[in-house]
Amino acid sequence: MQVIDEPFFTLIKSTEFRARRGRIVTAHGCIETPTFMPVATFGTIRLLDFEDVRRLGAQIVLGNTLHLESTVGSARIKQFGGLAKFTGWNGPTLTDSGGYQVSYMWKSGTHSADGGNRTHNSTSPIQKINDKGVMVKNTWTGQTMRITPQIAMEWQADIGADMVMAFDQPTFDTDSLDDARISLARSHDWTIASYQHWLKLQNEGRAPACQVFFPIIQGGRFRELRRESAEKMCSLDTAGIAIAGESIGINPDISAETLSWVADIIPPDKPLYGMGLGGGPEGFLKAVREGLDMFDNTSPTRLGRCGLAFISPSSGGNTANKFRVSLKKGINRDSDSPVDSLCDCFVCKHYSRGYIKHLFNIGEGTGARLLTYHNLYFMESLGALVRHAIETDSFGDLYESWIEDRG
RNA sequence: GGAGGGAUACCCAAGAGGCUAAAGGGGGCAGACUGUAAAUCUGUUAGCGACGCUUUCGAAGGUUCGAAUCCUUCUCCCUCCA
């Protein structure tokens, strides 16, 4: 692993609102921010290969520690020289710890708050959660796996991504203030345990020298908890900061509000990563406006597989339709128009809506592949537009042209 | 010419006197999709002046309190034998 002289994050330009232009330097390459990061949960972007991923403009991809450990295994990835080499991507990578999966798989069963412990139904693969960690049934092998903050960081050290995340516990938006406090306290304990153990791993040379750690701000829908969490997470001497939870992942306005609650606490020299930031193009623009530098979301890939494509305002995209069009709808049967009239991805250059509708009708996976490619290209292009706009002091104009003023 | 089998909603296909406006698929339409238990899931799919009414299981009659279901005739399709 090469040694890097440059700082991990450089703030290139601050601008109107809180939008800012930055650059992240990793051992596997630079990342211009703000940027969208495609999700390669199992070490692959579903239906694409990494040649596609490079071509569509991705700068970094995500892997998920729980999914990788449950399948190929972190030890084997280490033998291959780390995630970037193993997958052939060879570019910057980030791994999520699995904390999110634990929480939402737990939540998907019948659950109730119970002193920070939750009772659950038997269909959930999460067998037990307590302050020390989690017992999870491996969905692929059926084996029971133990996850603690320490174990999660060891797996991430071996997987060897450029950026690793704390093993946290997301606060549910539906939690009462008392439950949210309990959950947040555990999340903080786990994050600090994650960080301390990761520092140890790095000192021992088990974690790559150029790997960096991100703690995660939680706190759900409570301003005071969000601020408390931000203070605590930012007090750690880490290269970056992440913010997460349902209120980051779902509604763009709530995401933006949540970001605004903590904006003054985030140090300007740390990149801010919105985990699973939802809302597609709208979410992206609104979060950038509140100072977000990097974010990921599964929607471009998942929606693409389900027949939904992102479209720009030039093709009728707006906040009401979430900048989406469904290529499965009958109205597209006779359409020889591209998915998006201004997009210059190979899908929009060569294929019509009618043809893609036909591919979905016959159940041919190529349709899903084409939309996966388009959607990721779209998000990466939007990132490039945003960066250019910030550089040329026109972010406000770009924002207005996409997000209409609704009173 | 003779002997069987069949016809059910947009399509395929269950049902063999009341619990059937009619299972299940497909297709259509609508909706959802967070750090991917997801190329997935959910709802809906005769009509209307909708907690009710009207029409509907190839067609026309009949039996019955009640028929997609039983009987008669007719139409069309398939298989086998001449």
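The shown structure was predicted, so the numbers you read here are calculated from the model rather than taken from an experiment. By convention in this document, chain letters (A, B, ...) are assigned in the order of the sequence lines, proteins followed by strands, and residues within each chain are numbered from 1.
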Arg324(A) CZ to C33(B) C1': how many Å, rounded? 7 Å
Using whole Å, what does the distance between atom P of nucleotide A32(B) and atom NZ of Lys322(A) come to? 5 Å
So, the side chain of Asn375(A) versus the backbone of Pro300(A): is there a donor-acceptor pair under 3.5 Å, distance only? yes
Can you see if the side chain of Arg302(A) gets near the phosphate of A39(B) - specifically, an N or O under 4.0 Å from OP1 or OP2? no
As a test of understanding, state which of Asp293(A), Asp296(A), Ile24(A) forms a side-chain contact (heavy atoms from CB on, under 4.5 Å) with Tyr273(A). Asp296(A)
If anything within 90° of 0 is syn and all else is anti, what is A50(B)? syn
Among C33(B), U34(B), U36(B), which is the nearest nucleotide to the side chain of Arg305(A)? U36(B)
Secondary-structure stems, RNA chain B, at least 3 Watson-Crick or G-U base pairs under 3.5 Å: B:1-7 with B:75-81, B:10-12 with B:24-26, B:27-32 with B:40-45, B:46-48 with B:52-54, B:58-62 with B:70-74
Residue Ile12(A) excluded, over 12 heavy atoms near CD1 under 6.0 Å: yes
Think Lys329(A) has a side-chain N or O under 4.0 angstrom from the OP1 or OP2 of C29(B)? no
Among C29(B), U34(B), C33(B), which nucleotide has an atom closest to any side-chain atom of Cys306(A)? C33(B)
Whole angstrom value for the distance that separates C1' of A38(B) from CG of Leu47(A): 12 Å
If you check the Asn64(A) side chain, which of U34(B), G28(B), U36(B) turns out closest? U36(B)
OP1 or OP2 of U36(B) versus the side-chain N and O atoms of Thr298(A): is any pair under 4.0 Å? no
For Phe36(A) and Phe284(A), the nearest pair of non-hydrogen atoms, with its separation, is N-CZ, 4.3 Å
Residues Gln211(A) and Trp198(A): side-chain donor-acceptor under 3.5 angstrom: yes
Do Pro149(A) and His197(A) touch side chain to side chain, with heavy atoms closer than 4.5 Å? no
Whether Asn361(A) contacts G28(B) is assessed here as follows: a side-chain N or O lying under 4.0 Å from the phosphate OP1 or OP2. Is that the case? yes
Between CD1 of Ile45(A) and P of A39(B) the distance, given in whole Å, is 14 Å
Would you kindly give the CG-to-P distance between Asp253(A) and U34(B), to the nearest whole Å? 15 Å
Answer whether the closest heavy-atom distance between the side chains of Arg146(A) and Val134(A) falls below 4.5 Å. no
Listed nucleotide nearest any side-chain atom of Lys357(A), set C29(B), C33(B), U34(B): C29(B)
Taking the inter-plane angle between the rings of Tyr351(A) and Phe346(A) on a 0 to 90° scale, is it parallel (under 30°), tilted (30 to 60°) or perpendicular (over 60°)? perpendicular
Atom CD of Glu69(A) and atom P of U36(B): how far apart are they, to the nearest Å? 16 Å
Whole angstrom value for the distance that separates P of G26(B) from CD1 of Ile362(A): 17 Å
Which ones in residues 372-383 of chain A lie close to RNA chain B, meaning a heavy atom under 4.0 Å from one of its atoms? none
At under 4.0 Å between heavy atoms, what does Glu364(A) touch on the DNA or RNA strands: base, sugar-phosphate, or nothing? nothing
Roughly how many Å is it from CG in Leu303(A) to C1' in C41(B), rounded to a whole number? 13 Å
Determine whether a donor-acceptor pair (N or O, by modelled atom type, separation under 3.5 Å) exists between the side chain of Arg324(A) and the backbone of Ala309(A). no
Taking any heavy-atom pair under 4.0 Å as a contact, classify Arg369(A): base, sugar-phosphate, or nothing. nothing
Ring-plane angle category for Tyr355(A) and His358(A), please: parallel below 30°, perpendicular beyond 60°, tilted otherwise. tilted
